[in-house]
Number of protein chains: 2
Amino acid sequence: MHMQRMEIVQVYKCFCDVQRLRILNLLKDGPLCVCHLVEILDSDQVKISKQLRYMKELGMVEDERVAQWKVYRLADATNPLLQKNLKCLQDCYGESIEFNKDIRKRSAVTARMQRENAACAQAISA
Amino acid sequence: MHMQRMEIVQVYKCFCDVQRLRILNLLKDGPLCVCHLVEILDSDQVKISKQLRYMKELGMVEDERVAQWKVYRLADATNPLLQKNLKCLQDCYGESIEFNKDIRKRSAVTARMQRENAACAQAISA
DNA sequence: ACCGCATATGCGAATAGATGCATATGCAGC
DNA sequence: GCTGCATATGCATCTATTCGCATATGCGGT
């Protein structure tokens, strides 16, 4: 694996896993750091970290260090293939793959972070 | 690999290869047999056969024997995820992944079959 | 320099997918 | 039953991806 540009097949490779789909869906509303994703997806740090690495190799996400956090965002949020595919998924299976639930949880988690961990909350809103 | 129903992730697995994308694009306009696909995609029989097998395992296509031919069609042409994704691909990259060229070649090939190999032409139009 | 938190990497095993080459199978006509 | 055409399968090899477990690295505060 290498790759950095977002190619057609790379997009679909990224889409081949529900957890990655959920991550993309979350990131489309703005950047998040690993700790957010771990909590929202109710997964563990190593797993999420590796998914993000893979997604980065595929050219789908970018990362940026902010203090001790690593903020991830979509590499090209305007890519029409990505946008349309996510929208299509949302339309067809929004609830069944937990897209909607994740978005609701995202709000809850970021709100709590705002209170309990202001520095981290700052990192993703910069 | 097993699977037969068309699940979300299976769809994307099918989409992870340009040749498979081209096959789906061709089948969306109606059934074809292996010999058509081999010619339109300018590939070889074993390769196409294996792609079709994989696509069948993913639940994306169905086959039917007609005399010595094997006719393949989309397992669920009305599946919205499939339809929308193909349309989206068509819109975004129609020429670059040869979707359009393939469709044009499809017409040429089926027309010629009609003349030179009527039995086979009959098989896919039944 | 040390500690704790956030994140990443390494490794070994397991599974999945791709590829090239050879060969088998199914069907129709003779 | 033999032949030819259309299609499928088997096998060995290779690369890609996944998973669990352990451990390393980067950063900020003391």
Side-chain angles (χ1 to χ4, degrees), chain A residues 1-3 7 9-10 12-21 23 31-41 43-73 109 113 116-124, chain B residues 1-3 7 9-10 12-21 23 31-41 43-58 60-73 109 113 116-124 126:
Chain A
M1 277 293 316
H2 12 53
M3 294 294 152
E7 303 290 347
V9 166
Q10 319 300 317
Y12 294 121
K13 284 193 175 185
C14 187
F15 274 54
C16 282
D17 178 275
V18 173
Q19 197 172 49
R20 288 197 292 268
L21 285 172
I23 292 175
L32 285 174
C33 63
V34 182
C35 60
H36 288 109
L37 290 168
V38 168
E39 183 166 349
I40 300 174
L41 300 182
S43 185
D44 65 282
Q45 181 265 316
V46 171
K47 210 165 190 174
I48 297 293
S49 230
K50 283 185 178 173
Q51 292 283 34
L52 290 167
R53 177 168 157 44
Y54 182 59
M55 294 169 78
K56 186 177 169 186
E57 281 168 347
L58 291 174
M60 301 292 290
V61 300
E62 292 173 344
D63 60 341
E64 181 199 359
R65 171 131 246 152
V66 179
Q68 66 238 231
W69 296 280
K70 204 76 171 276
V71 177
Y72 282 86
R73 68 190 74 237
V109 169
M113 285 273 184
E116 300 176 10
N117 194 339
C120 176
Q122 189 61 32
I124 68 164
Chain B
M1 273 295 314
H2 11 53
M3 294 295 151
E7 303 289 347
V9 166
Q10 318 300 318
Y12 294 122
K13 284 193 176 186
C14 187
F15 274 53
C16 283
D17 178 277
V18 173
Q19 199 173 46
R20 289 197 293 268
L21 286 172
I23 293 175
L32 286 174
C33 64
V34 182
C35 60
H36 288 109
L37 289 168
V38 168
E39 185 167 347
I40 300 174
L41 300 182
S43 185
D44 64 284
Q45 182 266 316
V46 171
K47 210 165 189 173
I48 297 293
S49 231
K50 284 184 178 174
Q51 293 282 32
L52 289 167
R53 177 171 160 42
Y54 181 60
M55 293 169 79
K56 185 177 169 187
E57 281 168 347
L58 290 174
M60 301 293 290
V61 301
E62 292 172 344
D63 59 344
E64 180 199 359
R65 170 132 248 153
V66 179
Q68 66 238 234
W69 296 279
K70 204 77 170 275
V71 178
Y72 282 86
R73 69 190 74 238
V109 169
M113 286 274 183
E116 301 176 10
N117 194 338
C120 176
Q122 190 60 31
I124 68 165

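To find a chain, count down the sequence lines: A is the first, B the second, and so on, and within it residues start at 1.
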Handout entry: Side-chain donor/acceptor of B/R20 to backbone N/O of B/L52, under 3.5 Å
Key =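 No, the answer is negative, given that no donor and acceptor are paired below the 3.5 Å cut-off.
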Exercise for the section: Check whether any side-chain N or O of B/R53 sits under 3.5 Å from a backbone N or O of B/M55 as a donor-acceptor pair, and report yes or no. Expected result: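 Not a single qualifying donor-acceptor pair exists.
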Send over the distance from [X] [atom1] to [N] [atom2], rounded to a whole Å.
X	N	atom1	atom2	value
B/W69	C/dA28	CH2	C1'	9 Å
B/L32	D/dA6	CG	C1'	15 Å
A/Y54	C/dA8	OH	P	18 Å
B/D17	C/dA16	CG	P	18 Å
A/E116	C/dC5	CD	C1'	15 Å
B/K70	C/dG26	NZ	C1'	9 Å
A/D44	D/dC19	CG	P	11 Å
B/L37	D/dA8	CG	C1'	15 Å

Problem - Shortest side-chain distance from A/Q68, nucleotide among C/dT7, C/dG20, D/dG28 - result: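 Closest of the options to the side chain of A/Q68: D/dG28.
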Exercise for the section: Tell me which nucleotide among D/dC27, C/dT9, C/dA28 gets nearest to the side chain of B/A67. Expected result: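 For the B/A67 side chain, the nearest candidate turns out to be C/dA28.
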Between [Y] and [X], is there a side-chain heavy-atom distance shorter than 4.5 Å?
X	Y	answer
A/Q19	A/K47	yes
B/L32	B/I40	yes
A/R73	A/E64	yes
A/E39	A/C35	no

Handout entry: Donor/acceptor link under 3.5 angstrom from B/Q45 side chain onto base of D/dA8
Key =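 By the distance-only test, yes, there is a pair.
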Would you please confirm or rule out a distance under 4.0 Å between OP1 or OP2 of [N] and any side-chain N or O of [X]?
X	N	result
B/R20	C/dA18	yes
B/Y72	D/dA8	yes
B/K13	C/dG17	yes

Exercise for the section: Would you mind classifying the nucleic acid contact of B/C33 as base, sugar-phosphate or nothing, using non-hydrogen atoms under 4.0 angstrom? Expected result: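 Here B/C33 touches the backbone only, sparing every base.
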Please list each protein N or O that sits under 3.5 Å from an N or O in nucleotides 10-12 of chain D, with the distance.
from   : atom 1 : to    : atom 2 : distance (Å)
D/dG10 : O6     : B/K50 : NZ     : 2.5

Practice task
Give me the ring orientation class for B/F15 and A/Y12: parallel if the planes are under 30° apart, tilted from 30 to 60°, perpendicular past 60°.
Solution key: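 B/F15 vs A/Y12 ring planes: perpendicular.
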